[in-house]
Amino acid sequence: MAKIPYKIYLEESEMPKQWVNIRPYMKELPEPFINPATGQPCTAEDLEPVFCHELIKQELNVTDKLIDIPEEVQAFYKMYRPSPLVRAYNLEKALDTPAKIYYKFEGTNTSGSHKLNSAIAQVYYAKKQGLTSLTTETGAGQWGTALSMACAFYGMDLTVYMVKVSAEQKPYRKSVIETYGGKVIKSPSTTTQVGRKILAENPGTGGSLGCAISEAMEVATHTPNCRYVLGSVLNHVLLHQTVIGQETKTACEKYDIHPDIIIGCAGGGSNLGGLISPFMADNLEGKSDIKFIAVEPASCPSLTRGKYAFDFGDTGKTTPLIKMYTLGSGFMPSPNHAGGLRYHGMSAILSKLYHDGYIDAVAVEQTKVFEAATFFAKTEGTLPAPESSHAIRVAIDEALKCKESGEEKTIIFGLTGTGYFDLSAYKAFNDGTMTDYIPTDEDLQRGFDTLPKVDF
Ligand SMILES: *Cc1c(COP(=O)(O)O)cnc(C)c1O
């Protein structure tokens, strides 16, 4: 076998033509979503007013292992994919580790992250259904950007509710979204009933993803030919992101790479779920024994300190109930937290896999994350997104363990995006003003107190 190149690029012909649905492989399925009004599992009809038809079918599909990627979506993917699987030779050398480190780099498109993989699929289905406008939320701004690119491509109107603190930390994100024709509203806002209520109860709030979701959903359900789209957490989003894992797996097979550990950052779980799904399918069928690690911020620790419970996906308590690891829909992350990944809950699929012991989880503090980010930037050249840097932190920690033990493990991590819009966070780190905040048990209890009192 020839030396592994620095960058492995697949041929266009080797790109996936189907997405991998992990649910049919699971020994036990995640709990279905519950309609809070009836206490019964959500039907497709329950979801129709909010979501696009085809996406609901994908959301509820627990039987088909493979789902065709429409040819138009495959064609769009070819504009910026396949993404490279990079061998981090320079990082290995700098760490003096016997470990072999690879990263799958999703930052090669203008949105700067993996979010475009799902955005283009979601807008394609909305257009096909004859819809004319979409609403969404965005936290750090990558999803809003990706969606505005996809909406521009298909000529759809887009309104983005952007978490207020992020909009203020990253004013240029707004400009990118507007360049692609999207409209940006800082959330919470006075444009919706739920926004006005949240503002009345919490006048100084910097907002949260949960608030922005409530606002975007309210507008979608009150506007003709409009639907709401979400960039993470939901099953269909995770499904679309499996292009990441499939390309990675094909590259591994082509170059005889056998990962021992696969690491990803976890906000709502879509990149991690997408990266690991094809490998997890093998683990579940007893064909491999790869260790999967989800990395989350210590300031928003849904997997490591949350409860596995039915909860709302938004602060306004308007979504179906999802059984997931959650900090409670009323949880507000500390305003000094700069690293993204601020959602209170976690993908139902990943939550179930974690609950059943198929995934490990680690929480890391943001100064440690930015230490890893700058080390990576200096050795591998790419300025990573703070979110992605959570995975870098743990990949470095695992590689350092290999240095101690002398084990030559193969580590793959997801480098989900670039950090060019996160320079205020890098500035705080460089100036030494960045602090760590770990919620106390009492802080978390305030979030848990907002969990719905249900027992299904
Ligand atoms: C949105 C985002 C994440 C987190 O979302 P997941 O759904 O957990 O993948 C991670 N990294 C980047 C760069 C993002 O934009």
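Indexing begins at 1, ligand by ligand and atom by atom, following the structure's order.
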Could you tell me whether [X] approaches ligand 1 through its side chain, its backbone, both or neither, with non-hydrogen atoms closer than 4.0 Å?
X: Leu341; result: side chain
X: His114; result: side chain
X: Ala266; result: backbone

For [X] and [Y], test the side chains for any donor-to-acceptor distance below 3.5 angstrom and give the result as yes or no.
X: Ser424; Y: Lys170; answer: no
X: Asp282; Y: Ser288; answer: no
X: Tyr161; Y: Thr191; answer: yes
X: Ser189; Y: Glu215; answer: yes
X: Glu296; Y: Thr304; answer: yes
X: Ser388; Y: Thr416; answer: yes

When you compare ligand 1 with Asn271, is there at least one nitrogen or oxygen pair between them that comes in under 3.5 angstrom? yes
Kindly confirm or rule out an N or O of Cys265 lying under 3.5 angstrom from an N or O of ligand 1. no
Distance under 4.0 Å to a non-hydrogen atom of [X]: what atoms of ligand 1 satisfy this?
X: Gly267; answer: 8 (O)
X: Glu387; answer: 10 (C), 11 (N), 12 (C)
X: Gln142; answer: 13 (C), 15 (O)
X: Ser113; answer: 13 (C), 15 (O)

In terms of relative ring orientation, are Phe51 and Tyr228 parallel, tilted or perpendicular, with 30° and 60° separating the classes? tilted
Fit a plane to each ring of Tyr325 and His355, take the angle between them on a 0 to 90° scale, and name the class: parallel (under 30°), tilted (30 to 60°) or perpendicular (over 60°). tilted
Could Lys409 and Glu398 be called an ion pair, given the rule that one side-chain N must be under 4.0 Å from one carboxylate O? no
Which heavy atom of the protein is the closest neighbour of [atom], given with residue, atom name and distance?
atom: atom 12 (C) of ligand 1; answer: Thr416 OG1, 3.4 Å
atom: atom 5 (O) of ligand 1; answer: Lys115 NZ, 4.0 Å
atom: atom 7 (O) of ligand 1; answer: Ser232 OG, 2.5 Å

Contact with ligand 1 for Ala140, non-hydrogen, under 4.0 angstrom: no
